[in-house]
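For reference, the structure discussed in these notes is given below.
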Number of protein chains: 2
Amino acid sequence: MPAKRELHNPKASYHHGDLRQALLDAGDGVLQEQGLKGFTLRECARRAGVSHAAPKHHFGDVTGFLTEIAALGFMRLSAALELEIAGATNLDEEFIATTRAYVDFAEAHPEHFRIMFRCDLLDDQAPNIRQAAGETFRLLTNVILRQRGEPSLSASEYASGGEVIFVNVIHDIVIGWSHIHGLAHLKLERQLTMVPEDMHEALLVKASRRLATMLRQEAGNT
Amino acid sequence: MPAKRELHNPKASYHHGDLRQALLDAGDGVLQEQGLKGFTLRECARRAGVSHAAPKHHFGDVTGFLTEIAALGFMRLSAALELEIAGATNLDEEFIATTRAYVDFAEAHPEHFRIMFRCDLLDDQAPNIRQAAGETFRLLTNVILRQRGEPSLSASEYASGGEVIFVNVIHDIVIGWSHIHGLAHLKLERQLTMVPEDMHEALLVKASRRLATMLRQEAGNT
DNA sequence: TTCTTATCTTGACATTAGCAAGATAGATCC
DNA sequence: GGATCTATCTTGCTAATGTCAAGATAAGAA
């Protein structure tokens, strides 16, 4: 241990061990405490106790880093959806629970949510985020399929030609997702302030129940 | 005209005349050509032919500038909505046209749209943006009110206690707006790529028609 | 004319992303 | 064991940014 060298973090060795994960954790912290504005590669490096150029080897540039953060966001969203969906005991409840989980996620992790849906900041063709976002979409698709009384898609079914299976219901999937996503996004970005805060839960329930009822009806002409 | 001074723009006088508008125009150009990433106060100043600190006097800081840009965005969105709504000849058409105008706006001005709904980048309590966003919301509210066969709100009616008037229909307003906004946002952020591009128009029409039909029905229990 | 005020410039500082070159240490091979 | 290889991390640099403070300029008021 040569004393002449002053490492950024004298406790740690030159090789961090799991710097990649440490940087992702640091990024989480920065996003939570300072938001996307305070999110810089150098700040994350500082928190991880390494030099400013250390992240480059693991993520390339800031786009690569954000892509990874967004992919993690989709994984957490999927987990939250699965948890809420599993607790529902009927179709109305399931759709409401799905909406609630989605909206709650946006409010609990606003910066992650923003980044996940900012394709100009990401490499949205990267395999990891495509995979993660695809899984979220599969869960939402299945919620709609069940509303319509159709069988759900397993991950493997979805991977191998899910498009073919749900081509007939894609309209309803988009209707359902747009409803959920629009509500979450508008709420997150403070566009629903004309509704008193304590009415938001009731609003979510009523709106989602009405949507679900519609999804269970046969679509009309055209 | 002292020859020793080298102004940024020798053609213009020291006092620009309408630098505020020139900067806003420059900002428009930057957003269109380079997006939010290339949007910097200094770049806008360069385009307007003034020094890098000139914007400060007109907008304060970058947040103030973006707030102004966002307010303009809401005004343009309102104009687009009004135009499309005016062309509709029945309720189905009107709701579809509203959705189309909103979605088209997001695609035509993606960066404006992103900024308008990024409350962390803005001073969303500033009077100009509140006014502009309020007008957009009034137009959307009226679309929903007409679907329900209720009278529209004029700007003055909306300003003086519109909340009281539409408290009974706020659920449907949020349902309608969430649908429209969610569709626009998901499409803009490339989350609907599982639907072939040439089906997007038909998707929009079908989804909106179905939504409009629902809005015209009485809400069920709860 | 002189003073006042709004407008714009200059210069500086702290900060960032990204690059290039070098240092370190763990792993591999002989 | 020792030499080499390679991934990992550091240092130092450049160009750029937002913001501030101080000064310069012009337009209008007094």
message: Counting only side-chain heavy atoms from C-beta out, which of D/dC20, D/dT11, D/dC9 sits nearest to A/His52?
response: D/dT11
- prompt: Residues two or more places apart in sequence or in another chain: which of them pass side-chain contact (heavy atoms from CB on, under 4.5 Å) with A/Ala54?
  reply: A/Leu19, A/Val50, A/Ser51
- request: Return the 5'-most residue of the pair A/Ala53, A/Glu43 with respect to DNA chain C, ranking by each residue's nearest nucleotide.
  value: A/Glu43
message: Looking only at the side chain of A/Val62 (C-beta and beyond, no hydrogens), which of the listed nucleotides C/dA17, C/dT9, D/dC9 gets closest?
response: C/dA17
- prompt: Considering only heavy atoms from C-beta outward, does the side chain of B/Glu135 approach that of B/Phe74 to under 4.5 Å?
  reply: no
- request: Take the protein atom CG of B/Asp61 and the nucleotide atom C1' of D/dT17, then report the distance between them rounded to whole Å.
  value: 14 Å
field: Sugar-phosphate, base or nothing in reach of B/Arg46, heavy atoms under 4.0 Å
entry: sugar-phosphate
Interatomic distance where CZ belongs to A/Phe65 and P belongs to C/dA17 [whole Å]: 11 Å
- prompt: Where along residues 24-42 of chain A does a heavy atom fall under 4.0 Å from DNA chain C?
  reply: A/Thr40, A/Leu41, A/Arg42
query: Can you tell me how far C1' of D/dT8 sits from CG of A/Leu19, to the nearest Å?
result: 9 Å
message: Measure CG/B/Leu23 against C1'/C/dT7 and give the value in whole Å, please.
response: 12 Å
query: Once you round to the nearest 0.5 Å, how far does CD of A/Gln191 lie from CG of B/Asp124?
result: 7.5 Å
- prompt: For the pair made of CZ in A/Phe59 and C1' in C/dA17, what is the distance, rounded to whole Å?
  reply: 16 Å
message: Among residues at least two apart in sequence or on other chains, which ones pass salt bridge (Lys or Arg N to Asp or Glu O under 4.0 Å) with B/Glu197?
response: none
Side-chain (A/Arg138) to main-chain (A/Leu153) donor-acceptor, under 3.5 angstrom: yes
- line: Taking C/dT7, C/dT9, C/dC19 as options, the one with an atom nearest any side-chain atom of B/His57 is C/dT7
- prompt: Taking OP1 and OP2 of C/dC8, is either one under 4.0 Å from a side-chain nitrogen or oxygen of B/Lys56?
  reply: no
message: Quiz question: by atom type and distance under 3.5 Å, do the side chains of B/Gln32 and B/Asp28 form a donor-acceptor pair?
response: no
statement: From NE2 of B/His58 across to C1' of C/dT7 the rounded distance in Å is 6 Å
- prompt: Under the 3.5 angstrom rule, does the side chain of A/Glu84 hit a backbone N or O of A/Thr98 as a donor-acceptor pair?
  reply: no
